[in-house]
Student: 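I'd like to ask you about the structure that follows.
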Amino acid sequence: MEELSITDRATERINLIRKEQNVPDDAFLRVGVVSGGCSGLTYDLEFNSDVQPEENDKIFDVDGLKVLVDMRSFLYLAGTELDYTEGLNGQGFHFKNPNASRTCSCGESFSI
């Protein structure tokens, strides 16, 4: 299975947020998929320092950033690239998900 990748821009922004919010260095960036949004599924990003990985969780190290994805979410996110942009199309994190068959116009939800 393909991994989840994170662009340098997204990594820089995540590290800036970590510093601004005083997130401990050992905290995982949890990347997940939850029900919701106008297309049925939505992306979820959060720092979590008090979680222990489950047996089937996927853990990635991206330039020292520990990323945790539960197996259910990973099935939707395999091969996805997380990017951060500040362009005319809106500032924020954007997921380039090859598994999504449909996305909403805001880019925050998708369906398979």
Side-chain angles (χ1 to χ4, degrees):
M1 264 186 177
E2 295 182 45
E3 292 191 3
L4 174 77
S5 63
I6 303 176
T7 66
D8 291 341
R9 287 184 304 232
T11 302
E12 288 172 16
R13 184 65 180 171
I14 291 166
N15 286 328
L16 179 63
I17 292 169
R18 175 193 295 265
K19 184 177 178 181
E20 289 173 348
Q21 296 180 359
N22 295 317
V23 175
D25 289 340
D26 64 345
F28 286 99
L29 174 66
R30 180 180 284 278
V31 180
V33 173
V34 295
S35 295
C38 52
S39 293
L41 298 168
T42 188
Y43 301 106
D44 186 44
L45 291 171
E46 67 177 332
F47 283 109
N48 200 322
S49 58
D50 59 349
V51 67
Q52 292 299 316
E54 306 258 333
E55 182 178 336
N56 292 326
D57 288 346
K58 296 287 189 178
I59 300 173
F60 306 99
D61 186 297
V62 181
D63 296 327
L65 176 67
K66 294 189 303 185
V67 180
L68 179 108
V69 183
D70 64 89
M71 182 51 79
R72 179 188 159 278
S73 295
F74 187 72
L75 295 174
Y76 295 110
L77 296 172
T80 296
E81 178 184 73
L82 175 61
D83 194 13
Y84 182 81
T85 60
E86 293 182 347
L88 296 174
N89 292 334
Q91 176 179 344
F93 291 101
H94 299 278
F95 289 84
K96 296 175 185 170
N97 187 341
N99 306 302
S101 62
R102 185 179 63 153
T103 60
C104 67
S105 60
C106 68
E108 293 182 13
S109 70
F110 68 101
S111 63
I112 301 282

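Note that the structure is predicted; figures quoted are calculated from it, not measured. Note: hydrogens, waters and symmetry copies are ignored here, and every other heavy atom, side chains too, is used.
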Student: Could you give the distance from CD1 (Ile14) to CZ (Phe47), rounded to the nearest 0.5 Å?
Tutor: 6.0 Å

Student: Got more than 12 heavy atoms from elsewhere within 6.0 Å of CG, Asp25?
Tutor: no

Student: Heavy atoms only: give me the nearest Pro24-Arg18 pair and the separation to one decimal.
Tutor: O-NH1, 2.8 Å

Student: Any salt bridge linking Asp44 with Arg30? Criterion: basic side-chain nitrogen under 4.0 Å from a carboxylate oxygen.
Tutor: no

Student: Answer with yes or no whether the hydrophobic clustering places Leu16 together with Leu65; edges join I, L, V, M, F, W, Y residues whose side-chain heavy atoms lie under 4.5 Å apart.
Tutor: no

Student: What's the spacing between Asp57 CG and Met71 CE if we round to 0.5 Å?
Tutor: 8.0 Å

Student: How about CG on Asp8, more than 12 heavy atoms from neighbouring residues, nucleotides or ligands closer than 6.0 Å, or not?
Tutor: no

Student: Can you get from Val34 to Phe74 by hopping between Ile, Leu, Val, Met, Phe, Trp and Tyr side chains that sit under 4.5 Å apart?
Tutor: no

Student: Answer yes or no: is there a side-chain heavy-atom contact under 4.5 Å between Leu45 and Leu82?
Tutor: yes

Student: What pair of heavy atoms forms the shortest contact from Gly32 to Ser73, and how long is it?
Tutor: CA-OG, 3.4 Å

Student: Check Tyr84 against Ala10 and note the closest heavy-atom contact, atom names and distance.
Tutor: CB-CA, 3.7 Å

Student: When rounded to the nearest 0.5 angstrom, what distance separates CZ in Phe60 from CG in Leu29?
Tutor: 11.5 Å

Student: Which value, rounded to the nearest 0.5 Å, describes the distance between Arg13 atom CZ and Thr7 atom OG1?
Tutor: 12.5 Å

Student: Should we say atom CD of Glu20 is surrounded by more than 12 heavy atoms from elsewhere, each under 6.0 Å from it?
Tutor: yes

Student: Is there a donor-acceptor pair under 3.5 Å between the side chain of Asn99 and the backbone N or O of Ala78?
Tutor: yes

Student: May I ask you to decide if the ring planes of Tyr43 and Phe95 are parallel, tilted or perpendicular, using 30° and 60° as cut-offs?
Tutor: parallel

Student: Could you give the distance from CD (Glu54) to CG (Leu68), rounded to the nearest 0.5 Å?
Tutor: 9.0 Å

Student: Counting distance only, does the side-chain N/O of Lys66 pair as donor-acceptor with the main-chain N or O of Ile59 below 3.5 Å?
Tutor: no

Student: Exactly one of Leu77, Val33, Leu4 should register a side chain to side chain contact (heavy atoms under 4.5 Å, CB included) with Asn97. Which one does?
Tutor: Leu77

Student: Does Thr80 reach the side chain of Ser5, with side-chain heavy atoms less than 4.5 Å apart?
Tutor: no

